[in-house]
Amino acid sequence: MDIEYTEHGKYTVITVNGRIDTSNYEQFGEKLQVLVKEGKKFIVLELSKLDYISSSGLRVFLSTLKTLRAIEGDVVLCCLNDKIKEVFEISGFLSLFTVAETLDTFDFN
């Protein structure tokens, strides 16, 4: 799993490349926690290059969403490929998140 960060106004865009599974979900969660502790309340997860996500990875997404919404922030899922979108749909998580089709069409304001 590789992660890249960019800033777009009040949003931090995190591009995830590879897999989030039982071998690295804790590392991913820790990186998200660091961003939240740094005051990042609005996170966009750009997932076009995410190949696989386990239930452990889904829990990290949900935990981060709950944390940020408690402080009036949000997590946006962006650029979901069909395989990953299906995982979110089957798990029932897709309805919990704000979803953007592309970064170009997302309103960063």
Side-chain angles (χ1 to χ4, degrees):
M1 170 190 60
D2 294 318
I3 298 173
E4 297 175 14
Y5 306 88
T6 57
E7 299 291 331
H8 291 272
K10 68 180 182 180
Y11 287 89
T12 301
V13 177
I14 302 170
T15 303
V16 183
N17 188 0
R19 301 169 54 94
I20 301 174
D21 56 28
T22 56
S23 69
N24 62 13
Y25 78 94
E26 290 176 329
Q27 174 189 9
F28 180 66
E30 289 167 2
K31 289 182 180 190
L32 291 176
Q33 288 176 8
V34 166
L35 289 173
V36 172
K37 287 179 183 175
E38 290 176 351
K40 309 296 184 190
K41 290 175 51 175
F42 298 94
I43 294 176
V44 176
L45 295 169
E46 201 278 71
L47 304 175
S48 64
K49 297 178 183 175
L50 182 65
D51 299 324
Y52 174 83
I53 186 165
S54 68
S55 59
S56 301
L58 288 171
R59 283 193 300 276
V60 170
F61 280 48
L62 183 60
S63 174
T64 304
L65 178 68
K66 287 181 177 182
T67 299
L68 289 178
R69 288 207 174 145
I71 58 172
E72 298 181 13
D74 201 10
V75 175
V76 177
L77 305 179
C78 184
C79 309
L80 293 163
N81 64 50
D82 291 340
K83 184 170 44 173
I84 300 301
K85 188 173 187 175
E86 183 177 9
V87 171
F88 276 89
E89 285 175 344
I90 290 170
S91 66
F93 281 22
L94 195 60
S95 63
L96 302 175
F97 288 86
T98 303
V99 179
E101 291 298 317
T102 68
L103 288 175
D104 292 336
T105 61
F106 182 69
D107 181 7
F108 285 100
N109 295 314

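Numbering starts at 1 and runs along the sequence shown. Excluded from the calculations below are hydrogen atoms, water molecules and symmetry mates; all remaining heavy atoms, backbone and side chain alike, are included.
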Remaining members of the apolar cluster that contains Ile90, side-chain heavy atoms under 4.5 Å:
none
Is it true that Leu47 and Tyr5 fall in one hydrophobic cluster, defined by side-chain heavy atoms closer than 4.5 Å?
yes
Not counting sequence neighbours, list each pair that qualifies as a salt bridge (Lys or Arg N to Asp or Glu O under 4.0 Å) and has a residue in residues 19-29.
Arg19-Asp21
Which pairs with one or both residues in residues 88-109 pass salt bridge (Lys or Arg N to Asp or Glu O under 4.0 Å), sequence neighbours excluded?
none
Considering residues, nucleotides and ligands other than Lys85, do more than 12 of their heavy atoms fall under 6.0 Å from its NZ?
no
Partners passing side chain to side chain contact (heavy atoms under 4.5 Å, CB included) against Phe108 (at least two apart in sequence or in another chain)
His8, Tyr11, Val13, Val44, Leu103, Phe106
Going by ring-ring contact (aromatic ring centres under 6.0 Å, His included), name the pairs with one or both residues in residues 64-85, residues two or more places apart or in two chains.
none
With Ser95, which residues qualify under side-chain hydrogen bond (donor to acceptor under 3.5 Å, both in side chains), at least two apart?
none
Short question: side chain of Asn81, backbone of Asp51 - any donor-acceptor pair under 3.5 Å?
no
Taking ring-ring contact (aromatic ring centres under 6.0 Å, His included) as the definition, give me every residue that meets it alongside Phe93, ordered by chain and number, with sequence neighbours left out.
none
Once rounded to the nearest 0.5 Å, what's the spacing between atom OG1 of Thr12 and atom CZ of Phe42?
10.5 Å
Pairwise distance CG(Leu45) to CD1(Ile20) - rounded to 0.5 angstrom
7.5 Å
Step by step, work out the side chain to side chain contact (heavy atoms under 4.5 Å, CB included) result for Phe88 and Val99.
CA-CA 11 Å; Phe88 276 89; Val99 179; over 6 Å; no
By side chain to side chain contact (heavy atoms under 4.5 Å, CB included) - contacts of Gln27 (at least two apart):
Met1, Asn24, Lys31
With sequence neighbours left out, write down each residue that passes side chain to side chain contact (heavy atoms under 4.5 Å, CB included) with Asn17, or none if nothing qualifies.
Asp2, Lys49
Return the set of residues passing salt bridge (charged side-chain N to carboxylate O under 4.0 Å, His left out) with Lys40 (not counting sequence neighbours), or none when no residue passes.
Glu7
Ignoring hydrogens and angles, write down the donor-acceptor pairs under 3.5 Å from the side chains of residues 56-80, residues two or more places apart or on other chains.
from, atom 1, to, atom 2, distance (Å)
Ser56, OG, Arg59, NH2, 3.1
Thr64, OG1, Val60, O, 2.9
Thr67, OG1, Ser63, O, 2.9
Arg69, NE, Asp74, OD1, 3.2
Arg69, NH1, Leu96, O, 3.0
Arg69, NH2, Asp74, OD1, 3.1
Arg69, NH2, Leu96, O, 3.1
Asp74, OD2, Thr98, OG1, 2.9

